[in-house]
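In this chain, residues are counted from 1 in sequence order. Owing to the predicted nature of the structure, the values given are computational and were not obtained by experimental measurement.
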Amino acid sequence: MVDESKIRQAIELLLDGMGEDVTREGLVDTPERIARMYTQILSGKDEDAGEILSKRFKVDNSECVLVKDIVFYSMCEHHLMPFYGKAHIAYIPDGEVVGLSKIARTVECFAKRLQLQEQLSAQVADAIMEYLMPKGVMVVMEAEHMCMTMRGVKKPGSKTVTVATRGIFETDSNARDLFFRMLNAQ
């Protein structure tokens with residue numbers, strides 16, 4: 001649970017430490033705004049992927065399902081700066097599917113936490129495997145990290161790509177090839 005009063009105090013201390021006058025007009029409400037912002041953008045740790053993926057539907061086939069271009073925003077746990085991009089997720093059902101929006105909501109559940117992109121990809125893949133129990137899942141995420149574009153090396157436009165494979169996608173190159181063919185189809 002986010003403690004907004006502690007965030008407000010921390011932001012006041014941060015502003016003061018930067019030599020700012022926390023009572024000036026432009027900053028007087030900033031600690032409150034930041035506290036509300038963090039409550040919103042870090043709300044995922046209070047969400048349960050199992051609950052999101054609990055409403056399933058029976059199916060007779062086991063054809064690959066791909067949801068691509070799921071936009072996500074997250075916060076780097078190393079620098080407390082945003083990273084954002086797109087997730088592409090495929091799974092091969094084993095008797096059950098979920099509504100497509102549940103795949104996107106699962107990404108959001110984990111993205112709205114202090115994160116590492118590598119961990120985010122793995123958490124999404126693991127949740128889908130655990131709660132949907134498909135034959136396999138593959139998650140590819142591509143993101144731009146503000147900690148790399150605004151500071152440090154300062155390389156805007158550079159992207160980090162992570163991949164997590166589970167089940168049949170780990171062992172079957174044809175399944176992986178299908179994922180990439182579907183991902184690149186127009």
Side-chain angles (χ1 to χ4, degrees), residues 1-4 36-77 81-146 159-186:
M1 184 64 120
V2 175
D3 185 336
E4 289 189 16
R36 285 193 316 266
M37 175 191 72
Y38 276 115
T39 298
Q40 179 183 6
I41 65 176
L42 297 177
S43 63
K45 65 187 189 124
D46 296 325
E47 291 188 50
D48 177 13
E51 186 176 318
I52 292 168
L53 295 167
S54 67
K55 178 72 172 155
R56 296 183 292 273
F57 306 97
K58 299 244 182 263
V59 292
D60 293 330
N61 65 37
S62 59
E63 300 299 321
C64 188
V65 176
L66 170 68
V67 183
K68 65 181 188 175
D69 296 330
I70 302 167
V71 174
F72 69 89
Y73 300 90
S74 194
M75 293 290 283
C76 166
E77 66 183 32
M81 293 188 76
F83 67 95
Y84 56 92
K86 293 180 180 177
H88 316 289
I89 301 166
Y91 72 95
I92 298 177
D94 191 13
E96 293 183 319
V97 296
V98 291
L100 300 176
S101 68
K102 304 306 185 204
I103 300 296
R105 287 193 57 213
T106 301
V107 172
E108 286 295 301
C109 169
F110 292 109
K112 289 187 172 185
R113 303 174 184 198
L114 293 177
Q115 270 297 5
L116 300 174
Q117 183 178 333
E118 301 87 338
Q119 178 177 276
L120 176 57
S121 299
Q123 288 172 334
V124 170
D126 290 341
I128 292 171
M129 281 302 288
E130 180 179 352
Y131 299 112
L132 187 53
M133 296 175 283
K135 294 178 181 178
V137 63
M138 186 164 174
V139 176
V140 173
M141 293 189 164
E142 52 186 280
E144 184 168 343
H145 292 249
M146 297 308 288
K159 294 208 169 138
T160 300
V161 178
T162 54
V163 178
T165 55
R166 304 290 185 268
I168 195 169
F169 286 103
E170 289 179 293
T171 59
D172 186 344
S173 62
N174 290 329
R176 288 189 303 277
D177 290 345
L178 175 63
F179 173 92
F180 288 114
R181 280 195 314 273
M182 290 174 69
L183 183 62
N184 294 318
Q186 296 300 326

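Listed here is the closest heavy atom pair of P93 and E63: CD-O, 3.0 Å. Contact between E47 and I52 at its shortest, heavy atoms only, is OE1-CD1, 3.7 Å. Considering every non-hydrogen atom in both I168 and A175, the closest pair reads O-CB, 4.2 Å. Of all the heavy atoms in F179 and A90, the pair that sits closest is CD1-CB, 3.3 Å. Of all the heavy atoms in M146 and M81, the pair that sits closest is O-CE, 3.8 Å. Nearest heavy atom pair, residue F169 against residue C64, reads CZ-SG, 4.2 Å.
The line from CD1 of I92 to CG of N61 is 11.0 Å long, rounded to the nearest 0.5 Å. Taking CG from L183 and CD1 from I89, the interatomic distance works out to 11.5 Å, rounded to the nearest 0.5 Å. With rounding to the nearest 0.5 angstrom, the SG atom of C76 is 9.0 Å from the CG atom of L114. Note that CE of M75 is 4.5 Å distant from CD1 of I41, once rounded to the nearest 0.5 Å. Going from atom CD of E4 over to atom CE of M37 covers 11.0 Å, rounded to the nearest 0.5 Å.
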Table please: side-chain donor-acceptor pairs of residues 123-138 below 3.5 Å, with sequence neighbours left out.
residue : atom : partner : partner atom : Å
Q123    : OE1  : Q115    : NE2          : 2.5
D126    : OD1  : R166    : NE           : 2.6
D126    : OD1  : R166    : NH2          : 3.1
K135    : NZ   : S62     : OG           : 3.3

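In this structure, Y73 places its OH atom where only 12 or fewer heavy-atom neighbours from other residues, nucleotides or ligands lie under 6.0 Å away. Within 6.0 Å of atom NZ in K68, more than 12 heavy atoms from other residues, nucleotides or ligands are found, so the atom counts as buried in its surroundings. Remark: E51 CD is loosely packed, at most 12 non-hydrogen atoms of other residues, nucleotides or ligands lying under 6.0 Å away.
Between M141 and the options V107, T160, V163, a side chain to side chain contact (heavy atoms under 4.5 Å, CB included) holds for only V107.
Proximity of L66 to L178: side-chain heavy atoms (C-beta onward) are nowhere separated by under 4.5 Å.
Residue pairs meeting the ring pair (Phe, Tyr, Trp, His ring centres under 6.0 Å) criterion with at least one partner in residues 82-121, sequence neighbours excluded, are F83-H145.
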Practice item. Before giving the answer on side-chain hydrogen bond (donor to acceptor under 3.5 Å, both in side chains), spell out for T162 and Q117 the whole-Å C-alpha distance, their side-chain angles and the decisive distance to 0.1 Å. Key: CA-CA 7 Å; T162 54; Q117 183 178 333; 3.2 Å; yes
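Applying the salt bridge (Lys or Arg N to Asp or Glu O under 4.0 Å) criterion to K112, with sequence neighbours excluded, gives E108.
Taking a cutoff of 4.0 Å between a charged side-chain nitrogen and a carboxylate oxygen, E144 and K159 do not qualify as a salt bridge.
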